[in-house]
Amino acid sequence: MNDTHTVVLVEGASDLSAVEALAGRRGLDLAAEGISLVAMGGASNIATYIRRFGPSGHGLRLAGLCDAGEEGDFRRAVERAGLGAAVSRSGLEALGFFVCVADLEDELIRALGTDAVEQVVDAGGELGSFRTLQKQPAWRGSSTHEQLRRFMGAGSGRKIRYSGMLVEALDLDRVPRPLDLLLAYLLGSRSR
């Protein structure tokens, strides 16, 4: 971490893969810019990582990405660490922490549309497996969007595998808001 000045805390490896893919598509070399991505192994670990890398630890600039369900954990950890008042989502964003509606997979599926996501799944060789899930009684009445979210979370390593592929399939003018804001925040760190 010698050349690192900013650490981006993400919940897991799938989030890390998506951020890396988007940075690459935008021509941003995170390591060269002094930005390190850290997958925390779950949002409940946020306080530990803020202590390690934030003001009371390495003193690095922090940013992050989380799911809506973990927003409260992030908010409390940010405030307790003295990074600033994050009493609202906009307060978190001002401090560099961005929240995905539902989760990152939900954001990416909405941005791409279900037809495009199915094409990515087909390119990944798993369209047959997805069709099998769609036929299961528990999922028959669900929307294709809900089925795709379930499919992404159901297979071992599937979220990790597809998050980067979904970002690669995005039109850059349709990047989900939390990812777009995170990258803009990181690009803004160049001048700091």
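Note that the numbering runs from 1 along the sequence shown for the chain.
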- [ ] Provide the closest heavy-atom pair for A85 versus L95 in the form atom of the first, atom of the second, distance.
- [x] O-CD1, 4.0 Å
Task: Any D67 side-chain heavy atom under 4.5 Å of V99 side chain - done: no
TODO: Please step through side-chain contact (heavy atoms from CB on, under 4.5 Å) for the pair L166 and L112, ending with a clear verdict.
DONE: CA-CA 8 Å; L166 294 173; L112 280 165; 3.6 Å; yes
Open item on the list: With a 4.0 Å cut-off on N to O distance, would you call R174 and D180 a salt bridge?
Closed with: no
Open item on the list: Between N45 (side chain only) and M40 (backbone N and O only), is there a donor and an acceptor less than 3.5 Å apart?
Closed with: yes
Open item on the list: Could you measure the distance from the CG atom of L133 to the OG atom of S142? Nearest 0.5 Å is fine.
Closed with: 8.5 Å
- [ ] Side-chain contact test, heavy atoms from C-beta onward, threshold under 4.5 Å: evaluate it for M152 versus V121 and give yes or no.
- [x] yes
Task: ring-ring contact (aromatic ring centres under 6.0 Å, His included) pairs, two or more places apart, involving residues 12-31 - done: none
Task: Separation of L92 CG from C66 SG (nearest 0.5 Å) - done: 7.0 Å
Open item on the list: Testing the basics here: between A39 and L16, what is the closest heavy-atom pair and its distance to 0.1 Å?
Closed with: N-CD1, 3.8 Å
Task: Single hit among D122, V120, T132 for side chain to side chain contact (heavy atoms under 4.5 Å, CB included) with L127 - done: D122
Task: Check ion pair E126-R161 (N to O, under 4.0 angstrom) - done: yes
TODO: Identify the heavy atoms of A111 and L170 that sit nearest to each other, and give their distance.
DONE: CB-CD2, 3.6 Å
- [ ] Locate the shortest heavy-atom distance separating E20 from L37; write the atom from each residue and the value.
- [x] CG-CD1, 3.4 Å
Open item on the list: Suppose the criterion is ring-ring contact (aromatic ring centres under 6.0 Å, His included): which pairs have a residue in residues 130-174, not counting sequence neighbours?
Closed with: F130-F151
Task: Distance (rounded to the nearest 0.5 Å) between S17 OG and E168 CD - done: 9.0 Å
Task: pair E107-P178: side-chain heavy atoms closer than 4.5 Å - done: yes
Open item on the list: Just by distance, no angles: are the side chains of R150 and Q147 close enough, under 3.5 Å, to form a donor-acceptor pair?
Closed with: no
Open item on the list: Do F53 and L9 have side chains that approach each other closer than 4.5 Å (heavy atoms only, starting at C-beta)?
Closed with: yes
- [ ] Tell me, with the steps shown, if Q134 and R140 meet side-chain contact (heavy atoms from CB on, under 4.5 Å).
- [x] CA-CA 6 Å; Q134 288 183 301; R140 269 190 223 138; over 6 Å; no
- [ ] Go through the steps for L104 and K159 under the test side-chain contact (heavy atoms from CB on, under 4.5 Å), then give the verdict.
- [x] CA-CA 9 Å; L104 182 59; K159 278 185 173 186; over 6 Å; no
Task: Reported NE2-to-CZ distance for the pair H58 and R52, which is rounded to 0.5 angstrom - done: 7.5 Å
- [ ] Could you tell me whether the side chain of L62 reaches within less than 4.5 Å of the side chain of T6, counting heavy atoms only?
- [x] no
Open item on the list: If you define the side chain from C-beta out and look only at heavy atoms, does anything of E118 sit under 4.5 Å from T144?
Closed with: yes
Open item on the list: With rounding to the nearest 0.5 angstrom, report the OG to CG distance, S143 to L148.
Closed with: 8.5 Å
Task: Closest contact, heavy atoms only, A63 versus L182 - done: CB-CD1, 4.0 Å
TODO: May I have the step-by-step check of side-chain contact (heavy atoms from CB on, under 4.5 Å) for R149 and D103, ending in yes or no?
DONE: CA-CA 9 Å; R149 275 190 70 214; D103 55 30; 2.8 Å; yes
Open item on the list: Within the structure provided, determine whether L172 and R25 are in side-chain contact (heavy-atom separation under 4.5 Å).
Closed with: yes
- [ ] Check whether any side-chain heavy atom of L65 sits under 4.5 Å from a side-chain heavy atom of V8, and report yes or no.
- [x] no
Open item on the list: Looking at R75 and E79, is any side-chain nitrogen of the basic one under 4.0 Å from a carboxylate oxygen of the acidic one?
Closed with: no
